[in-house]
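In what follows, chains carry the letters A, B, and so on, assigned in the order in which the sequence lines appear, proteins first and then strands, with residues in each chain numbered from 1. Only heavy atoms go into these numbers, but all of them, side chains included; no hydrogens, no water, no symmetry mates.
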2 protein chains.
Amino acid sequence: MSTTEGRLTSDDRREQILAAATVVFGDKGYAGGTTDAIARQAGISQAYVVRMFGSKENLFLEVARRATGRLRVAFRDVIAGFTGDETNLERQVALGRAYGELVADRGILLSLLHLFGLGQDPVFGPEARECFLDVYRIVRDEAGFSATEASEFFARGMLNTILLAMGMPERRDDPRAFELMSTSMGAECETILASVEAQASLRA
Amino acid sequence: MSTTEGRLTSDDRREQILAAATVVFGDKGYAGGTTDAIARQAGISQAYVVRMFGSKENLFLEVARRATGRLRVAFRDVIAGFTGDETNLERQVALGRAYGELVADRGILLSLLHLFGLGQDPVFGPEARECFLDVYRIVRDEAGFSATEASEFFARGMLNTILLAMGMPERRDDPRAFELMSTSMGAECETILASVEAQASLRA
DNA sequence: AAGCGTAGTAATCAATTGATTACTCACTCC
DNA sequence: GGAGTGAGTAATCAATTGATTACTACGCTT
């Protein structure tokens with residue numbers, strides 16, 4: 001996939017590399033994801049990956065920023081559609097659905113999770129905290145959630161992300177695993193599981 | 001620290017290496033945590049770390065298993081103290097406190113978080129899922145929580161763990177950051193923040 | 001057709017890192 | 001007092017990996 005195309009414009013290639021890096025970093029984490037694996041996934045040489053972004057560190061930073069950017073856009077889109085007479089629960093469900101749709105883009109949420117795990121790092125730590133607070137401010141201020149509602153929303157989101165990162169859908173036969181997933185993901189559960197399965201099937 | 005001691009028994013040294021590895025893996029993740037960093041933290045040679053556990057992979061597995069072991073013991077201890085006439089909320093708070101106390105052992109929760117991020121790995125993935133489900137079964141079956149209660153409990157736990165991993169306490173001056181932490185961590189908040197601060201201050 | 005900028009690579013480097021091997025040192029038990 | 005055993009290390013290896021450099025190929029403009 002993703003290959004057999006000839007030369008691309010710099011911008012197109014850049015986007016392609018970012019997409020590939022999002023997948024690889026999502027699976028293996030920052031240290032575990034090699035520039036070579038990213039290059040192979042994008043169908044180009046390792047040297048070009050490094051040259052286009054200057055360094056692996058820089059590439060990961062852009063991946064993370066692009067991921068939070070997607071999150072912010074998705075949330076703001078939903079919030080813009082609020083009429084003002086929804087219940088809080090309805091608003092939580094609407095935002096949750098937007099979150100669930102991001103799962104379709106494999107790696108976005110997982111790369112963010114890995115970023116969050118690097119809070120001790122002098123470069124990634126501050127970035128992680130700022131990214132997270134950025135999104136929190138949107139949900140808290142722009143969506144008009146209370147502190148409790150926002151905290152519950154993020155808590156559920158984190159659990160869902162981790163279940164996904166763990167590959168828990170692979171164990172949907174286990175009654176406890178299935179129960180946990182359907183309880184935590186709610187109405188989105190089937191959509192998410194289908195999305196994950198689609199991604200898994202088209203992997204080598 | 002941790003050094004200036006002479007030769008230890010194999011078992012003592014083993015525990016010491018596991019403790020060091022828990023800290024290092026917690027900070028840097030599996031791929032990012034080197035056996036050399038672990039050896040330095042434990043005050044011994046890198047060769048000995050590898051020889052004692054056979055491989056880095058094996059060492060990380062033992063770190064993860066020890067971590068979930070601690071979790072299980074902590075939860076079961078609390079559950080054993082249940083009289084049967086607590087409210088569900090009281091039980092959630094009691095389990096939450098046990099969870100909060102594990103924060104004092106730097107790295108335990110963070111290493112687990114990194115394990116969960118490796119769900120795609122053929123070795124760590126199955127281990128991660130089993131570890132998680134193991135703990136879930138305890139909370140669900142032994143503590144007598146409903147699916148909803150258990151899911152809420154784990155959701156909050158995951159958010160707290162991620163806030164911790166991110167180093168969010170460093171931003172407690174930010175009103176939004178402080179609000180999120182105190183809302184999510186509840187009564188434990190001050191205990192946890194103090195514990196984190198203590199650990200930060202005794203770091204180089 | 002000559003020149004030039006842009007996309008992209010092959011080859012290579014230096015550093016890191018997990019692992020292995022052969023060795024030393026201290027203790028203990030005949 | 002020497003043989004054996006367990007704790008621990010120094011030296012070294014082979015593989016990986018991020019980065020650099022010099023190069024090629026293609027398309028566009030004049």
Handout entry: Whole-Å distance separating the CZ atom of B:Arg13 from the P atom of D:dA7
Key =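 Computing the B:Arg13:CZ to D:dA7:P distance gives 10 Å.
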Handout entry: Nucleotide D:dA7, atom C1' - distance to CD of B:Gln16 in whole Å
Key = 13 Å
Exercise for the section: Evaluate the side-chain proximity of A:Glu149 to A:Arg91: yes if any heavy-atom separation is below 4.5 Å, no if none is. Expected result: no
Practice task
Find which nucleotide of DNA chain C each of B:Thr35 and B:Arg51 is nearest to by heavy atoms, and output the residue with the more 5' nucleotide.
Solution key: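 Nearest-nucleotide comparison on DNA chain C picks B:Thr35.
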Handout entry: Terminal contacting nucleotides, 5' and 3', DNA chain C versus chain A (heavy atom, 4.0 Å)
Key =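 Result: C:dT6 to C:dA10.
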Problem - Ring centroid separation A:Phe153 to A:Tyr136 under 6.0 Å - result: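 No; A:Tyr136 has its ring centre 6.0 Å or more from that of A:Phe153.
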Problem - Ring center gap for A:Phe60 and A:Phe53 short of 6.0 angstrom - result: no
Handout entry: OP1 or OP2 of D:dA25 under 4.0 Å from side-chain N/O of A:Arg7
Key = no
Practice task
Take atom CZ of A:Phe178 as the centre, draw a 6.0 Å sphere, and report whether it contains more than 12 heavy atoms from other residues, nucleotides or ligands.
Solution key: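 Count not over threshold, so no.
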Practice task
Name all residues meeting the side chain to side chain donor-acceptor pair (under 3.5 Å) criterion together with A:Arg176; count only those two or more places apart in sequence or in a different chain, and write none if there are none.
Solution key: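 Only A:Glu179, B:Asp141 meet the side chain to side chain donor-acceptor pair (under 3.5 Å) criterion with A:Arg176.
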Handout entry: Shortest non-hydrogen contact from A:Arg13 toward A:Arg7
Key = NH2-CA, 4.5 Å
Practice task
With DNA chain D as reference, determine whether A:Ala31 or B:Asp11 sits nearer its 5' end, using the nearest nucleotide of each.
Solution key: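 So the residue in question is B:Asp11.
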